[in-house]
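Protein chains get the first letters and strands the later ones, always in sequence-line order, with residue 1 at the start of each. From a predicted model like this one, the values you see are computed outputs, not experimental measurements.
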There are 2 protein chains.
Amino acid sequence: MKIAVLGTGMVGRTLAGAFTALGHDAAIGTRDPGATSARTGPDMMGAPAFSEWHAANRHIPLMTFAEAAEAAELVVNATNGAGALDALGSAGAARLAGKVLMDVSNPLDFSQGMPPVLNPVNTDSLAERIQRAFPGARVVKTLNTMNAGLMVDPRRLADGDHSVFLSGDDPDAKAVVKGLLEELGHRDVIDLGDITTARGAEMLLPLWLRLYAALGTPNFNIKVVRAVE
Amino acid sequence: MKIAVLGTGMVGRTLAGAFTALGHDAAIGTRDPGATSARTGPDMMGAPAFSEWHAANRHIPLMTFAEAAEAAELVVNATNGAGALDALGSAGAARLAGKVLMDVSNPLDFSQGMPPVLNPVNTDSLAERIQRAFPGARVVKTLNTMNAGLMVDPRRLADGDHSVFLSGDDPDAKAVVKGLLEELGHRDVIDLGDITTARGAEMLLPLWLRLYAALGTPNFNIKVVRAVE
């Protein structure tokens, strides 16, 4: 499948690398490829400069948001939550129309210090904002509840015995995303329901951040334990 | 241990019954025992009238909030979140001072319809509000992330292979609560940190409510899967 991963941070790089390793035709999208490639030093999340990663991953092309989306059958929003609507606007509504738009980002607001706050909450979510802004896209929220390493290699932890969530209004789009998750090794994909259920998945982040601090590692995930049928 | 469980809903009844069964000296507190006993028909959450439950549990005394708190070494806030500060005010700051105050409630606001919204979020929590309002109490947030049946009998699901959280500023109070949780059968008690970490535990509720709808049962819980040390 031709996949555009929008976002050059750790999550975007990790997903693009994993999709490529699975045999998909993945590209990475950014606002300004020249500027992204010219950046030096760690990014705001502490990841090494993109150019360092790209030197070892030359087979994955870096394009503008629009070029990447244009060519893709499936688009992944792996930008940081605060910039997601803007980045998707650069990709262009027409290039997203009809496509599965896998949203893995979290609407974390770092402007008020640490820990970040989540915005929106309760009666809206970033996934819904994206769906409203791009009504032709088939938005599926997923993977936002775990570390990038576990997103693409869930079996590295407890042989994959933990859960991942899906939220979206389009059943076919959710089936496509579920298939991709299973290719990555996810064993327990829970369909929460329509796109409004992304509120719950996004609101897990504050607990995730506290667990990260308490456990001292991001190598953990949530398993929804339920009675065997 | 002498335990006052404030709140006569399903959670309060279930906890008081379980603590009694473990050999603790538990009482239930309510605003007006006469009015609570006189109520007929299901409560706002669909639980049978208190009097029906109490007819089968006469050995657990029903008292005012103040009477129950006065006699107790440990006080449990099992009122509904919206009424918690008011109920604890009725119990009285002097009667809570120095005591462990186990807060199991969630600040759900049903006034805007279903699903309820959570208030406060992000930069505050109900647990912190309680701690600020009653600085002499030693507040520990716990158990708010699961159904009442699992609170008191975690081994009914996957032999207890799932997690429960603690948040609080007083290490000794957390140790007391941890001991009580272990008596109930909890095997994985995760100390998230200080009282501000209750924000994360409370913000799990929207996901919990969506999982309840998606799974069709409240008989599930979250397990934090992490690498074996």
Colleague: Given heavy-atom pairs under 4.5 angstrom as the criterion, report whether the side chain, backbone, both or neither of B/Leu118 touches chain A.
Modeller: both
Colleague: Any carboxylate oxygen within less than 4.0 angstrom of a Lys/Arg side-chain nitrogen, looking at B/Arg226 and B/Asp188?
Modeller: yes
Colleague: Is there a donor in the side chain of B/Arg210 and an acceptor in the side chain of A/Thr196, or the other way round, less than 3.5 Å apart?
Modeller: yes
Colleague: Measure A/Asp109 against the heavy atoms of chain B and call it side chain, backbone, both or neither at under 4.5 Å.
Modeller: neither
Colleague: So which heavy atom on A/Val104 is nearest to which on A/Leu15, and how close?
Modeller: CG2-CD1, 4.1 Å
Colleague: Measuring heavy-atom distances to chain A, does B/Ile222 have an atom under 4.5 Å in its side chain, in its backbone, in both, or in neither?
Modeller: both
Colleague: Looking at side-chain heavy atoms only, is the closest gap between A/Asp159 and A/Arg187 below 4.5 Å?
Modeller: yes
Colleague: So do the side chains of A/Leu181 and A/Val177 get within less than 4.5 Å of each other, counting heavy atoms only?
Modeller: yes
Colleague: What option among A/Asp161, A/Leu157, A/Asn119 has the most heavy-atom pairs under 4.5 Å with chain B?
Modeller: A/Leu157
Colleague: Find the distance between CG (B/Leu6) and CG (B/Leu101) and round it off to the nearest 0.5 Å.
Modeller: 8.0 Å
Colleague: Among A/Pro115, A/Ala158, A/Pro206, A/Pro116, which residue has the highest count of heavy-atom pairs closer than 4.5 Å to chain B?
Modeller: A/Pro206
Colleague: Can you tell which part of A/Leu192 gets under 4.5 Å to a heavy atom of chain B, answering side chain, backbone, both or neither?
Modeller: both
Colleague: Can you pull out the residues in residues 120-154 of chain B with any heavy atom less than 4.5 Å from chain A?
Modeller: B/Val121, B/Asn122, B/Thr123
Colleague: When you compare the side chains of B/Asn219 and B/Thr217, does any donor N or O come within less than 3.5 Å of an acceptor on the partner?
Modeller: no
Colleague: Can we say A/Lys178 and A/Asp191 salt-bridge, meaning some charged N sits less than 4.0 Å from an Asp/Glu carboxylate O?
Modeller: no
Colleague: Using 0.5 Å steps for rounding, measure from the CD1 atom of A/Ile60 to the CZ atom of A/Arg13.
Modeller: 11.5 Å
